[in-house]
Amino acid sequence: MTSTLCRNIGSKLLLVQHGRHLRKQQISHFSRAKKIALGTSAFVAGAGAFTALALHYSVHASEDELHTPSYPFKHKGTFTTLDTASVRRGFQVYQQVCAACHSLNYLAFRSLVGYTHTEEEAKAIAAEAQIEDGPNEKGKMFMRPGKLSDYMPKPYKNDEEARAANNGALPPDLSYIVIARHGNEDYIFSVLTGYYDPPAGVSIADGQYFNAYFPGQAISMAQALYNEIIEYEDGTPATQSQLAKDVATFLRWTSEPHHDEKKLYGFRLVLFAAMLVPLCWYLKKRTFSHIKSKKLAFKA
Amino acid sequence: MIRNGSLVSILYGSFGRLPSPINISYMWNFGSTIGLFLVSQILTGIFLTMHYVADVSMAFDSVVHIINEVNYGWVMRYMHMNGASFFLGFIYLHIGRGIYYKRYFSVNAWLVGVVLLALSMLTAFLGYVLPWGQMSFWGATVITNMVSAVPKYGTSIVFWLWGGFSVGAPTLTRFYTFHFLFPFLIAVFAVLHLYFIHGSGGSGNPLGPFSNSIKIPFWPYYGLKDILGFVIFYSIFLFVVFIYSDTFSDPDNYGKANPLVTPVHIKPEWYFLFAYAILRSIPNKLLGVISLVMSVLIFAFLPLSQQKFSLSIWHQFIFWFWVFDFMILTWLGGCPVKSMFNFMSQVFGLLYFFSFFFFSLL
């Protein structure tokens, strides 16, 4: 029986190797590669611990800044489009509330045509604005009613005038405000609805207001949206959150005028790829099949 | 039928009858995908140049004009913007594959590859400045200021690079010139890269040792496999372009450059963050800049490693540790400047360089 065992597993089992086994477990007798691996494992473990610690600290680091919650805007879905009715209402909010201080430099009246308004409606809106044009044949600049090709009128002639009128603060242009801020439309909604009385111990300077979501919490813009501050032409109840939601949706559209078209192309792409990828995969598989089913044997 | 030495013969030899190892995996798809993205970037870039205006007062507005008014301008703009991320991303995957399978022993091809990496990073940086947004301007200011670390002549060189006393109109026009020029240089080096790979016996293989015994022609086998890779990767790319087009961009860059207002967190695009974390973590400016440059150039030293083709478990272990380290550094590069993140950047920066030391041993 012993001889059978020896033949099968070699003679190692029958030799006295006690000391050798012990030596193997001592780090000083490790092979160079094993030592390196051990050292690196320690590094990795240490690095993991640091990561955990750093993530823990980052939570503390963000204590002085309130991150915006994620709101269920319908257009946030992968293939969902903007709510056009909401964009139209949002434009009304912009016109009647925001436009007093904020410009919309990159939006022309013609952009409204076919998306939120009919051509006649857009022409009528444009005509309400007075646009500086010229020079005329006498070399003078003159004012005329707006046309579809005009861009939205600016509330101030220049940044200096805007600052002078707003206690030194410059109201930002709103064309790209949604994609130019961390948190996007959630941030816009949060700021517009995030006005509170300053908590005990927090002092706010004159001409500034406490806003939980604005970086630094002191904002120069007074609360602009209140319940029923305007009357929607479609009869939607104009609550503060409704106004904020609509204007945030509208500003997403000004930031991304191709929002809906982009998603349509994305959808078409998925359909196209769903057909093309399996076809190419099958073609490749079929071409390789006789190589993959080949068996190679090397004999010395 | 095809005359020897003709262009068709060279092309057919390189992409048709080229003997390729029978056992290469999908990890060998990245190289051709980078080529695809290079072509895509050059083409979309050419369309953008037709409408872009390289002037500080009009650059930002011209990009807005491209997105809003030019027919399918938004497609070109978002493809070009996200294409840079995909291009650099696939380069990193390609380098990772090269290190994992020890491809750096094909010295010429590897060194040309390092030049390609440096050129690509430089081109991406130059391109990022062109929209003239806040992050474009301040990114350019931070990165060009690094040159001022050069002893004695640093400041003079920076003024020379800027073409003035700050980043301004001359800087933008010259960046535009080089951003237009460099991709063609990249294309030339890419051909050289292929020349050296094909000259040294073609692609490597996952088993390591070079062998001519079992090879198959490039076409149809790997040609079709590359096409499959193109379709998959380009579909993912277009999905990002159409659905998540702002994933890789910084919100601050949608504001016009303003030399009087510094953004709260200046950070480069994600593909520079690992090097940026190393730069930021070192208090000495010159040492920081040297470390940043070395974080890229260190790849050029890998061919000096001990020539062992076997892929030991230790090599793999160090490799995956290095990948982990690279990711942590990328994350740290985007974190605000706090002492804990700074300390972590120092530790992981050091480990980044140590990993290369171990690569050379194993």
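Each chain gets a letter, A, B and so on, in the order its sequence line appears, and its residues count up from 1. None of these values were measured; they are calculated from a predicted model.
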With only heavy atoms counted, which part of [X] is less than 4.5 Å from chain B, the side chain, the backbone, both or neither?
{"X": "A/V178", "value": "neither"}
{"X": "A/R268", "value": "neither"}
{"X": "A/I291", "value": "side chain"}
{"X": "A/I179", "value": "both"}

May I ask you to decide if the ring planes of A/Y176 and B/Y254 are parallel, tilted or perpendicular, using 30° and 60° as cut-offs?
parallel
Would you call B/P220 and A/K284 a side-chain contact if the rule is heavy atoms closer than 4.5 Å?
no
What distance separates [X] [atom1] from [Y] [atom2], expressed to the nearest 0.5 Å?
{"X": "A/T78", "Y": "B/I243", "atom1": "OG1", "atom2": "CD1", "result": "6.5 Å"}
{"X": "B/K225", "Y": "A/F288", "atom1": "NZ", "atom2": "CZ", "result": "5.5 Å"}
{"X": "B/K256", "Y": "A/D173", "atom1": "NZ", "atom2": "CG", "result": "9.0 Å"}

Under 4.5 Å from any heavy atom of chain A, what part of [X] do you find: side chain, backbone, both or neither?
{"X": "B/V264", "result": "neither"}
{"X": "B/Y221", "result": "both"}
{"X": "B/N68", "result": "both"}
{"X": "B/I318", "result": "side chain"}
{"X": "B/F354", "result": "neither"}

Side-chain donor-acceptor pairs of residues 339-351 of chain B under 3.5 Å, sequence neighbours excluded:
from   : atom 1 : to     : atom 2 : distance (Å)
B/S345 : OG     : B/F341 : O      : 2.8
B/Q346 : NE2    : B/S281 : O      : 2.8

Determine the option with the most heavy-atom pairs under 4.5 angstrom with chain B, choosing from [options].
{"options": "A/A180, A/G266, A/S175, A/C280", "value": "A/A180"}
{"options": "A/L276, A/N105, A/V270, A/L264", "value": "A/L276"}
{"options": "A/K263, A/H182, A/H258, A/K285", "value": "A/H258"}

Is the number of heavy atoms from other residues, nucleotides or ligands within 6.0 Å of CZ (B/F353) greater than 12?
yes
Step through the shown structure and confirm whether more than 12 heavy atoms of other residues, nucleotides or ligands are within 6.0 Å of CG on B/N71.
no
Leading residue by heavy atom contact count with chain A [cutoff under 4.5 Å; candidates [options]]:
{"options": "B/F321, B/W74, B/F239, B/F358", "value": "B/W74"}
{"options": "B/V240, B/I67, B/I22", "value": "B/I67"}
{"options": "B/F230, B/Y234, B/Y26", "value": "B/Y26"}
{"options": "B/V64, B/L224, B/L238", "value": "B/V64"}

Show every ring pair (Phe, Tyr, Trp, His ring centres under 6.0 Å) that has at least one partner inside residues 267-287 of chain A, sequence neighbours left out.
A/F79-A/F267
Centroid separation B/Y78 to A/Y265 less than 6.0 Å:
no
